[in-house]
Structure formats: structure tokens, C-alpha cells
Trainee: 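Submitted below is the structure of interest, expressed as C-alpha cells.
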Amino acid sequence: MARYTEEELFQLKPESDVPVNFDIDSFRAVIDKVKEIQGLQEEEFQQFHRRRSSHHHGKPKIKHTKPKITTDSDGWSTFDNVTRRKSSVAAGGSGVFNGSDDETPIKETPSIAQETLKVKPNKNISSTKPADSRDIVTDKATNTFNAFAALESDDEDD
Amino acid sequence: MSVEEVTQKAQDLNIDQPSTVLSSEKEFQLKHPLNSKWTLWYTKPPVDKSESWSDLLRPVTSFETVEEFWAIHNAIPKPRYLPFKSDYHLFRNDIRPEWEDPTNAKGGKWTHQFWGKTPDIDDLWMRALLAVIGETIDEDNSEINGVVINIRKSAYKIAIWTKSADNKEALTSIGSKFKTVLKLGDDAQLEFLPHSSASEKHPQPSLVL
């Protein structure tokens, strides 16, 4: 069996380059081309996919602030305008003081955004609730019948 | 035969210009044969999703002498220059660098992962090649099928592929020498993974040095 130590192999190393038995230029060209493509892909990735420190833990959870909506007993929903920026006050558009001593803000006219209704229609046809909650207003009974009060009425006593 | 005749015959022999291999430097190429033929393979990184493993793995060239080895080694790009996801494989004869090859099927590999940039990776790879083609790492007989380097973004991996996975004594001897070749200290681990476990999600090494 032919064996060569590392030292022996180094002794046989030619000092100058020797021609090889395959197309080395084509081989190098393939490698250069792949490197070029990888470079472009990396550049594109860095441009459009910003790396985050939380890369290994999934995407960070971003909380979007939901507008506060209050719904009254009649089913009317309105945006809560309590958290209004002070800058808008300074601009004089809203929250203007009336100049009186008690400095009570004048009740302003509601903007279009504040008037927006959030109507949740009742899709259950068999339900006794009206399909449109706005109908509750018209259907609302003005006088309610109290059965217990009826039993205790004077007519029965007779 | 007279003296004149002998002189004439000697001149006819033309001793001053012998026609042996030694007469021409161009023709005289004494080469040192290796124990077997070796084939260099290259795995091209995929740049298109349609490319399959068989498209990417290609034989580059073969050699049978020390001189041919040096010519090829000096010409091809070194591991540090290769693009990520590239592999060089040097395998004996016509063994394909795949688990499915009958010569590899019952074998395994001694492997070590060099994390980070590893500035001397070109030198370590060359040392591994010399140990394999010089047959100094395998004193018994042709237990080694090939040697592989994987170039990845976070690490380099060098592995020696063996013919068997159960010859513990021979494998331990090879592993110890391979550890020296790769200049690994006592704190660095060299793992032997049988190819039969290669398809597992988290293969466990059967030997560790």
C-alpha cells in the first residue's frame, strides 16, 4: 500500500502552478456566478426584510390602540372623545373656554367621526330581538304591564 | 574486430545524445502514485428552487498521483472563497458522496463543526486531504471512503466518511488521528454518526472523542 506522510506530500508539492485535467475556468465561473447571485439575494433581503433582535422568537406583537366606543342602553354606540390631544385645544378647534370664571368648556358640536355608529345587526332570524338595534327605539314599550300589580288591583277585591 | 571498427560502432551508438526519458525534461515526468484513485465532487448551492440534489452534486475531476493532487488543489478555490451551502467531497474511486451509495450505506462519519469564521479552515481542510490520500489516518485497510467539507453561513463542518459503523476499535483509532489532524484540543468534541441515523431529526452520535 502506497503511503505518504504529510511531510512527504509537502516535499512533492510543485512550486509553480501546474495545468489541470479539467476546465478550471468554467468551474471558477460557476462559483463566481453563485457568489454574485447570493450577494444580490442578501442585499435584497436586507433591503426588504429588516432583521430584528427578536428574530428567533417570532414576530413582535404590536398592539394597535382601539378606539373607545361606548354603547348606551338603547344600543347606540359612540366614540369616546375624552382622550383628546391638548394640541387640538391650543389650535382653538375644540375645547375652547367660554371665558367665565368657572372655566367650564363649551359643549362643542360633534364631528363626523364622533357621530359614527357601530351597528351590530342581529343575524339570528329566529331571535326575538330586532334585526337592527336601532329599531329598539321605535319598538320600545312606553307602558309596561306589571302582573303582580294587576293581581293586587282594587277591582279584584270586589 | 579492429580498433577502428570498434570506434566506429561506438560513434554509431551516439552516447552523447541518449534517447531515454532522462534526455528530455519535458518527457521526464516521474509521478508518485497514490493508493487509489480519488474523485473530487462539488455541491453547488441552489440558486433556483427547481434545482434538485442530483443537479447540484457533480464530479469535478479525478487523480491518481501526488502531483495531480497538488495541481488540482492549487487550482481550485479554497473553502474560504466558496459560497455558502457549498460542499467539497473527495471520495475514493467511484464512490458517490451519498448515504445511498452501497459502499457508504453501512458506514458513518466522524464529524466536527467549526463555529464562526475559523481563519485557518483552508489549512485544516488541506491537512484532512493529505491525511486521507496519504493513507496515514487509516493504518489497517481502506476503512475510509472519503472526506467532506460543508461551507455554511455560521460554521464549517469537516467529516471523514467510513465504510463501517460498528468496528469500534478501528473507528476510534481513525477518530483519534482525525482529531490530531484537525488540531482539536481536549475540550473539542469529535462525533461519529452512523449514516443509518442520518435521516433522524436529532441523530445521536454513537461514538464521541
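Order of the sequence lines sets the chain letters (A, B, ...), proteins ahead of strands, with each chain counted from 1. In what follows, every heavy atom counts, from backbone to side chain, and hydrogens, waters and symmetry copies are set aside. Here the structure is a predicted model, which is why all the values come from computation and not from measurement.
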Trainee: Which heavy-atom pair separates Pro83(B) from Ile31(A) by the least distance, and what is that distance?
Mentor: CD-CG2, 3.6 Å
Trainee: With a 4.5 angstrom heavy-atom cut-off, is it the side chain or the backbone of Glu8(A) that approaches chain B, or both, or neither?
Mentor: neither
Trainee: Is Val181(B) close to chain A through its backbone or its side chain, or both, or neither, when contacts mean heavy atoms under 4.5 Å?
Mentor: neither
Trainee: Which value, rounded to the nearest 0.5 Å, describes the distance between Asp17(A) atom CG and Asn74(B) atom CG?
Mentor: 5.5 Å
Trainee: Please classify the contact of Ala75(B) with chain A as side chain, backbone, both or neither, using a heavy-atom distance under 4.5 Å.
Mentor: both
Trainee: Would you sort out whether Phe10(A) and Leu130(B) count as a side-chain contact (heavy atoms from CB on, under 4.5 Å), showing the intermediate values?
Mentor: CA-CA 9 Å; Phe10(A) 269 117; Leu130(B) 296 179; 3.7 Å; yes
Trainee: Ser62(B) versus chain A, heavy atoms under 4.5 Å apart: side chain, backbone, both or neither?
Mentor: backbone
Trainee: Mind checking ring pair (Phe, Tyr, Trp, His ring centres under 6.0 Å) for Tyr4(A) and listing every partner two or more places apart, or none if nothing turns up?
Mentor: none
Trainee: Count the heavy atoms of every other residue, nucleotide or ligand shown that sit under 6.0 Å from NZ of Lys117(B), and state whether that count exceeds 12.
Mentor: no
Trainee: Would a 4.5 Å heavy-atom cut-off, applied to side chains only, mark Glu67(B) and Val18(A) as touching?
Mentor: no
Trainee: Does the side chain of Tyr81(B) reach to within under 4.5 Å of the side chain of Arg28(A), using non-hydrogen atoms?
Mentor: no
Trainee: Which one wins on heavy-atom pair count under 4.5 Å against chain A: Glu68(B), Lys44(B), Arg127(B)?
Mentor: Arg127(B)
Trainee: For residues Ala71(B) and Pro19(A), report the shortest heavy-atom separation together with the two atoms involved.
Mentor: CB-O, 4.2 Å
Trainee: Around atom NZ of Lys157(B), are there more than 12 heavy atoms of other residues, nucleotides or ligands at under 6.0 Å?
Mentor: no
Trainee: Please check if the side chain of Gln38(A) supplies one atom and the backbone of Phe84(B) the other of a donor-acceptor pair under 3.5 Å.
Mentor: yes
Trainee: Chain A heavy atoms under 4.5 Å from Val66(B): which part of the residue, side chain, backbone, both or neither?
Mentor: side chain
Trainee: Evaluate the side-chain contact (heavy atoms from CB on, under 4.5 Å) criterion for residues Thr136(B) and Glu6(A): first the C-alpha distance (whole Å), next the side-chain angles of each, then the deciding distance (0.1 Å), finally the verdict.
Mentor: CA-CA 8 Å; Thr136(B) 51; Glu6(A) 194 177 306; over 6 Å; no
Trainee: May I ask you to check whether over 12 heavy atoms, not counting those of Glu100(B), lie within 6.0 Å of atom CD?
Mentor: yes
Trainee: Is the shortest heavy-atom distance from the side chain of Ile72(B) to the side chain of Phe22(A) under 4.5 Å?
Mentor: yes
Trainee: Is the shortest side-chain heavy-atom distance between Lys85(B) and Val34(A) below 4.5 Å?
Mentor: no
Trainee: Given a strict heavy-atom distance threshold of 4.5 Å, which part of Leu12(A) is in contact with chain B: side chain, backbone, both, or neither?
Mentor: both
Trainee: Is it the side chain or the backbone of Ile24(A) that comes within 4.5 Å of chain B heavy atoms, both, or neither?
Mentor: side chain
Trainee: For Asp186(B), look at atom CG and say whether over 12 heavy atoms of other residues, nucleotides or ligands are found less than 6.0 Å away.
Mentor: no
Trainee: Surrounding NZ of Lys33(A) (heavy atoms of other residues, nucleotides or ligands, distance under 6.0 Å), is the total greater than 12?
Mentor: no
Trainee: Taking the side chain as C-beta and beyond, is there a heavy-atom pair between Phe69(B) and Leu9(A) under 4.5 Å?
Mentor: no
Trainee: Within a strict 4.5 Å, meaning less than it, do heavy atoms of the His32(B) and Gln11(A) side chains meet?
Mentor: no
